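For reference, positions follow the sequence shown, starting with 1. All values reported here derive from a predicted model rather than from experimental measurement.
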Amino acid sequence: MISLFQRRELTVCQTQARSDEVCAKLDQAGIEYQVKARDRSSPSVFAAGSRERSGSFGQTPAANWTYTIYVRADELECARACLR
């Protein structure tokens, strides 16, 4: 488990396939990571009701998600090297 204060953002992926590729490379290198998936279509506290106004007709559900991958701060450079 990586604590909130020990983690650093490695990358943000727009597709689940790309997120899976990055996670596979980190697994091969033995680097611990966390993935946070965010639904960009859901309203935030500051924009309550925005989804109801705009709707979701015609939007692809897969395009609404972003995947942020975090690693330990001391393994950040090694993780970046694995992705090159």
Kindly write out the residues that satisfy side chain to side chain contact (heavy atoms under 4.5 Å, CB included) with A37, not counting sequence neighbours, or none if the list is empty.
-> W65, Y67

Interatomic distance, CZ@R7 vs CE@M1, rounded to 0.5 Å, equals 8.5 Å

Pairs meeting criterion salt bridge (Lys or Arg N to Asp or Glu O under 4.0 Å) with involvement of residues 26-36, two or more places apart = E32-R72

Considering non-hydrogen atoms only, spot the tightest contact between Q34 and I2 and give its length.
-> NE2-O, 3.4 Å

Quick one: pull up CD1 in I31 and NZ in K25 and give me the separation to the nearest 0.5 Å.
-> 12.0 Å

Verify same cluster id: L83, Y70 (apolar side-chain graph, 4.5 Å) = no

To the nearest 0.5 Å, what is the distance between CZ (R18) and CD (E21)?
-> 5.5 Å

Measure the CD-OG1 distance between E9 and T68 for me, rounded to the nearest 0.5 Å.
-> 5.5 Å

